[in-house]
Amino acid sequence: MHTQIINFKNSSIVLGRDLVDTNLIVEACKTQVATIVCDHHIAELYGEKLLRLLQKSSVEAHLFTFTPGEASKCRANKEAIEDQMLSQGLGRDTTVIGIGGGVTTDLSGFIAATYCRGVPFISVPTSLLGMVDAALGGKTGVNTPYGKNLVGAFYLPESVVIDFGLLKTLPQKEIKEGLVELIKTALIYDEKLFMQLITYYKNGMPLDSQLEEMIHRCCQIKLEVVKQDFEEKSGIRRILNFGHTVGHALERFFDYQMSHGEAVAIGMIAEGFMSCELEILPRHDFHEMTEFLLPFTKQTSFDVNQVIDLMILDKKSKDKTARFVMLEGIGKVHDCSSEYCMPIEIDVVRNALKFIQEIGNK
């Protein structure tokens, strides 16, 4: 796939191969000062090299790192990096460059949104999950002890650089985890993409041009949805949260030791079950999606009541009641009277979670 550009509001999303090895990021940085934010692992792979590229171009560049993992997406790390920036005398003429997975792009984007009341931001996702989800759409944030992404801001990066070449450093399990978000996108919007993903998975998930085209399609879909409801006020952006009401609660239950991909895979099966029980989703569609998603799950032993309690702080909740995105079919969501999510009777929710545990034990 040749380099392509998608323009969205004031952002440019550039997709291609080996983009990090060019001056593209340097050229995207319009200020003479830059702050690179990444975890220790990514710093060794790409961060230090980018630092030298910027400095070679006469940009005053700084590199701030943190420990890899979901636990690092927290207010304490945000404060620590901001304090380091302030100690270096960095002001509003600083561009924040977040390079890494979803943890990094969420954290660095939130820093950019609030530092000196907002500075330019460039997002460089290095994971498949980041390329099709976290780095797009302008959602930034951190986790709290009460739940995931509960503190944050809507803040668009000036540029998103999606370099397919970075995927070659990922282990197969991270490709598999990222594939869950592609499946989610297909389930809510594109039946043809869903069928392509089944074939791609059966072929062993190669890092090929088909994957690149599917990533490009997922970016198009997400941006099509987001442009209609950037700050999630009219409701349609909620469809991107399919599987996440249950998924985020599971991540919190397991103290973020369960991967986002596995949690959302379980969440999609559970929310598909609810859709089927309410006779919104045809049973054969539910069986087809469940058969595909089941290999993406491992851990299905959890306390049902505790997980239900954790759903209350989901951002779609209303009157302290969790609400769920419902499917009408593969590639189509139920509009729920233009709310795009709805409360579900607690017994149906409980039965959905018990169903997950039953099929996981077979």
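Residues take their numbers from the sequence shown, with the count starting at 1.
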(message) With a 3.5 Å distance limit and no angle check, can you tell me whether Ser72 reaches the backbone of Thr67 through a side-chain donor-acceptor pair?
(response) yes
(message) Can you tell me which residue among Thr144, Asp314, Asn143 is in a side-chain contact (heavy atoms from CB on, under 4.5 Å) with Asn149?
(response) Asn143
(request) Please check if the side chain of Lys222 supplies one atom and the backbone of Leu136 the other of a donor-acceptor pair under 3.5 Å. (result) yes
(message) My understanding is that only one of Leu327, Leu353, Asn351, Ile344 makes a side-chain contact (heavy atoms from CB on, under 4.5 Å) with Met274; could you say which?
(response) Ile344
(message) Using only atom types and a distance under 3.5 Å, with no angle test, would you say the side chain of Asp39 pairs donor to acceptor with the backbone of Pro68?
(response) no
(message) Using 0.5 Å steps for rounding, measure from the CD1 atom of Ile198 to the CE atom of Met195.
(response) 4.5 Å
(request) Establish, from distance only, whether the side-chain atoms of His260 and Glu251 form a donor-acceptor pair under 3.5 Å. (result) yes
(request) Hey, could you give me the CE/NE2 distance between Met214 and His216, rounded to the nearest 0.5 Å? (result) 13.5 Å
(message) Counting only heavy atoms not in Asn10 (residues, nucleotides, ligands), do more than 12 fall under 6.0 Å from its CG?
(response) no
(request) Grab the two heavy atoms, one from Gly102 and one from Lys73, that are nearest each other, plus how far apart they are. (result) O-CD, 4.5 Å
(request) Tell me, yes or no, whether the heavy-atom count around Lys315 atom NZ, taken from other residues, nucleotides or ligands under 6.0 Å, exceeds 12. (result) yes
(request) For the pair Ser337 (side chain) and Glu339 (backbone), establish whether a donor and an acceptor sit closer than 3.5 Å, ignoring hydrogens and angles. (result) no
(message) Show me the pairs that pass side-chain hydrogen bond (donor to acceptor under 3.5 Å, both in side chains) and involve residues 153-172, at least two apart or across chains.
(response) Tyr46-Thr169
(message) Before you tell me yes or no, could you show the steps for Gln88 and Thr35 under side-chain contact (heavy atoms from CB on, under 4.5 Å), namely the whole-Å CA-CA distance, both residues' side-chain angles and the distance that decides it to 0.1 Å?
(response) CA-CA 11 Å; Gln88 295 294 321; Thr35 292; over 6 Å; no
(request) Taking ring-ring contact (aromatic ring centres under 6.0 Å, His included) as the test, write out the residues that go with Phe230, two or more places apart. (result) Phe154
(request) Using only heavy-atom distances, determine whether the side chains of Lys173 and Ser259 contain a donor-acceptor pair under 3.5 Å. (result) no
(message) Can you confirm whether more than 12 heavy atoms, excluding those of Lys9, are under 6.0 Å from its NZ atom?
(response) yes
(message) Let me confirm one number: the CD-CG distance from Glu213 to Leu193, rounded to the nearest 0.5 Å.
(response) 11.5 Å
(message) Any side-chain to backbone donor/acceptor pair from Glu262 onto Gln299? Under 3.5 Å, distance only.
(response) yes
(request) Walk me through it: do Ile175 and Leu207 pass the test side-chain contact (heavy atoms from CB on, under 4.5 Å)? (result) CA-CA 9 Å; Ile175 298 295; Leu207 301 180; 3.7 Å; yes
(message) Minimum heavy-atom separation for Gly178 and Leu182, please, with both atom names.
(response) O-CD1, 3.4 Å
(message) Under 3.5 Å, is there a donor on one side chain and an acceptor on the other for Ser123 and Thr105?
(response) no
(message) Within the supplied structure, the quantity of interest is the number of heavy atoms (other residues, nucleotides, ligands) at a distance under 6.0 Å from Glu345 CD; does it exceed 12?
(response) no
(message) Between Lys49 and Asp21, does any NZ, NE, NH1 or NH2 come within less than 4.0 Å of an OD or OE carboxylate oxygen?
(response) yes
(message) So that I can tick it off, tell me whether Lys354 and Glu358 are bridged by a salt bridge, with the cut-off set at under 4.0 angstrom between side-chain N and carboxylate O.
(response) no
(message) Would the distance check show the side chain of Thr245 and the main-chain N or O of Asn241 forming a donor-acceptor pair, the cut-off being under 3.5 Å?
(response) no
(message) To check you understand the geometry: which heavy-atom pair defines the closest contact between Thr321 and Pro343, and what is its length?
(response) CG2-CB, 4.0 Å
(message) Regarding His62 and Glu60, do their side chains bring together a donor and an acceptor under 3.5 Å, going by distance alone?
(response) yes
(request) Determine the minimum heavy-atom distance between Ser127 and Leu167, stating which atoms define it. (result) C-CD2, 4.1 Å
(message) Between Lys316 and Glu232, does any side-chain N to carboxylate O distance fall below 4.0 Å?
(response) no
(message) Test: ring-ring contact (aromatic ring centres under 6.0 Å, His included). Region: residues 268-327. Which pairs qualify, not counting sequence neighbours?
(response) Phe194-Phe292, Tyr201-Phe292, Tyr201-Phe296, Phe273-Phe355, Phe286-Phe355, Phe292-Phe296
(request) Would you tell me whether Thr140 and Asp106 have side-chain atoms, one donor and one acceptor, within less than 3.5 Å of each other? (result) no
(request) Indicate yes or no for a side-chain donor-acceptor contact from Thr104 to the backbone of Cys38 under 3.5 Å, with no hydrogens or angles considered. (result) no
(request) Determine yes or no for a side-chain-to-main-chain donor-acceptor pair under 3.5 angstrom, with Thr290 supplying the side chain and Ile269 the backbone. (result) no
(message) Using the side-chain contact (heavy atoms from CB on, under 4.5 Å) definition, which of the options Leu24, Leu19, Asp18, Leu15 pairs with Thr3?
(response) Leu19
(request) Would you check, one step at a time, whether the test side-chain contact (heavy atoms from CB on, under 4.5 Å) holds for Leu293 with Ile183? (result) CA-CA 8 Å; Leu293 286 167; Ile183 297 169; 3.8 Å; yes
(request) Determine yes or no for a side-chain-to-main-chain donor-acceptor pair under 3.5 angstrom, with Asn77 supplying the side chain and Ala80 the backbone. (result) no
(request) For Arg75 and Val151, indicate whether the former's side chain and the latter's backbone hold a donor-acceptor pair under 3.5 Å. (result) no
